[in-house]
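The next block holds one structure in the form of structure tokens; read it before the comments.
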2 protein chains.
Amino acid sequence: MEERRIATPGTPPDAELELGRLGEFVGFRLRRIQNQLSREFAQVTGRYQLRQGLFSALAIISANPGLSQVMLAREVGLDKSMAVMMVDDLERRGWAERRRSTVDRRRHALYTTEAGEAWLAEMFAALEVVEHDVLDALGKDDLRVLNAILDRVYTACFRG
Amino acid sequence: MEERRIATPGTPPDAELELGRLGEFVGFRLRRIQNQLSREFAQVTGRYQLRQGLFSALAIISANPGLSQVMLAREVGLDKSMAVMMVDDLERRGWAERRRSTVDRRRHALYTTEAGEAWLAEMFAALEVVEHDVLDALGKDDLRVLNAILDRVYTACFRG
DNA sequence: TATTGTTATACTCTATAACTATA
DNA sequence: TATAGTTATAGAGTATAACAATA
């Protein structure tokens, strides 16, 4: 079962087709890549029985111990109600925990557990496999360039 | 009503937060940007009452008159059943039409209508506004670099 | 009054499976 | 047998609105 085949949608586009003016838009490229990547992601993480946002959420909690749910939501770019559900899930699995903040009793301070850190390490390894083809095709340098540009793009999204 | 405010989720992340090892992964950046961009897209296109894929689909039909639905699906990176629904929608709006292919009678050859082209032009203009901040923050050169890298990424997705 | 967390709900996007008609 | 198109359906991901507790 080491097969890496993906169902119908994972088929590459015909080389002859034109993008036309659509090719000028970042949004289009982003979406099609992200669709593809998240299908592969789902394949890998499917074995682990988890939903998309979970991994990112735990990784961010791990990198920022004690952060609040609102902060988490902002960092992943989703609504705070999403943070609630994700943290619920993480807690249920025993990978993260909420502690009432001592400074602001409205807040929950979020922390990873030991089991959470272990799982995180496992997932990082698995995800490197998912992104392997991408990393390969780009090389370290271009990857850095890409990430830097993407960060600028993300920041630019918030200049109203 | 020229406001550009976006509801809760559009709030920028706290600058102090760390991405940690997550920062090495393209998938994460892609998803958060794409979420943000598609929210803005939805804001703009909401007035036009249309769903996400529609614009890309029509643009591709316009750039490749006579293509089949399977080809369309592959180009946008989705399942063929999606193509059916999108073309249904486009036809209902009078922006595209199916004609039985003369060479292979299983196929539908897709074409845009005059109204479709007009609407497409309108949408391209509207979308330039959506991506304006992004384009601004990058500049023509970096944008080209970004698009080129993204295309390589997309292609790399299919090297199983 | 504003913010944090919460719940319930509804909507959009997408894949899957089963089917038909052609090839 | 394989491909193009179709249909119906189920699942994931997400936003919205309304609310309680705390600031």
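Each chain gets a letter, A, B and so on, in the order its sequence line appears, and its residues count up from 1. Computed from heavy atoms alone, side chains included, the values below leave out hydrogens, waters and symmetry copies.
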Main chain of B/Val26, side chain of A/Glu131: is a donor-acceptor contact present, judged purely on distance under 3.5 Å? yes

Rounded to whole Å, how long is the line connecting atom CZ of A/Arg39 with atom C1' of D/dA12? 14 Å

Using atom CE of B/Met85 as one end and atom C1' of C/dC13 as the other, report the distance to the nearest whole Å. 8 Å

To the nearest Å, how far apart are B/Met82 CE and C/dA17 P? 17 Å

Please evaluate the base of C/dT14 for a donor-acceptor partner in the side chain of B/Ser81 within a cut-off of under 3.5 Å? no

Length of the CG-C1' vector between B/Leu54 and C/dT12, whole Å: 12 Å

Would you mind reading off the distance between A/Arg51 atom CZ and D/dA10 atom P, rounded to a whole angstrom? 20 Å

Set of residues satisfying side chain to side chain contact (heavy atoms under 4.5 Å, CB included) with respect to A/Ser68, sequence neighbours excluded: A/Val70, A/Met71, A/Arg107

Measure the distance from CG on B/Asp79 to C1' on D/dT7 and round it to the nearest whole Å. 12 Å

The criterion is salt bridge (Lys or Arg N to Asp or Glu O under 4.0 Å); which residues satisfy it with A/Arg105, sequence neighbours excluded? none

As a check of understanding: the bend across the helix from C/dT1-D/dA23 to C/dA23-D/dT1, end axes from five pairs, rounded to 10 degrees, works out to 10°

Mind checking salt bridge (Lys or Arg N to Asp or Glu O under 4.0 Å) for B/Glu122 and listing every partner two or more places apart, or none if nothing turns up? none

Between the side chain of B/Thr113 and the main-chain N/O of B/Gly116, is any donor-acceptor distance below 3.5 Å? yes

If you take any heavy atom closer than 4.0 Å to DNA chain C, which residues from residues 94-109 of chain A end up in contact? A/Arg98, A/Arg106, A/Arg107, A/His108

Is it true that the NZ or CZ of A/Arg99 lies under 6.0 Å from the centre of A/Tyr111's six-membered ring and within 45 degrees of the ring axis? yes

What's the CG-C1' distance between A/Asp89 and D/dT14, to the nearest Å? 15 Å

The side chain to side chain contact (heavy atoms under 4.5 Å, CB included) partners of B/Arg106 (sequence neighbours excluded) come to B/Asp104

Heavy-atom distance under 4.5 Å between the side chains of B/Arg74 and A/Leu17, does that happen here? no

All side chain to side chain contact (heavy atoms under 4.5 Å, CB included) counterparts of B/Glu117, not counting sequence neighbours: B/Ser62, B/Thr112, B/Leu120

Who are the salt bridge (Lys or Arg N to Asp or Glu O under 4.0 Å) partners of A/Glu24, not counting sequence neighbours? none

Does A/Arg32 have any salt bridge (Lys or Arg N to Asp or Glu O under 4.0 Å) partners at least two apart in sequence or in another chain, and if so, which? B/Glu75

Side chains of B/Gln34 and B/Arg31: is there a donor and an acceptor less than 3.5 Å apart? no

Give me the residues of residues 24-32 of chain A where at least one heavy atom lies under 4.0 Å from an atom of DNA chain C, by number, or none. A/Arg31

Near-strand residues of residues 57-70 of chain A, defined as heavy-atom separation under 4.0 angstrom from DNA chain C: A/Ser68, A/Gln69, A/Val70

Please list, chain by chain and in numerical order, all residues satisfying side chain to side chain contact (heavy atoms under 4.5 Å, CB included) with A/Arg51, sequence neighbours excluded. A/Met85, A/Met86, A/Asp89

Please state how far atom CG in B/Leu78 lies from atom P in D/dG5, giving the value in whole angstrom units. 15 Å

Check the hydrophobic clustering (I, L, V, M, F, W, Y; side-chain heavy atoms under 4.5 Å; chains of links allowed) and say if B/Leu135 and B/Leu138 are grouped together. yes

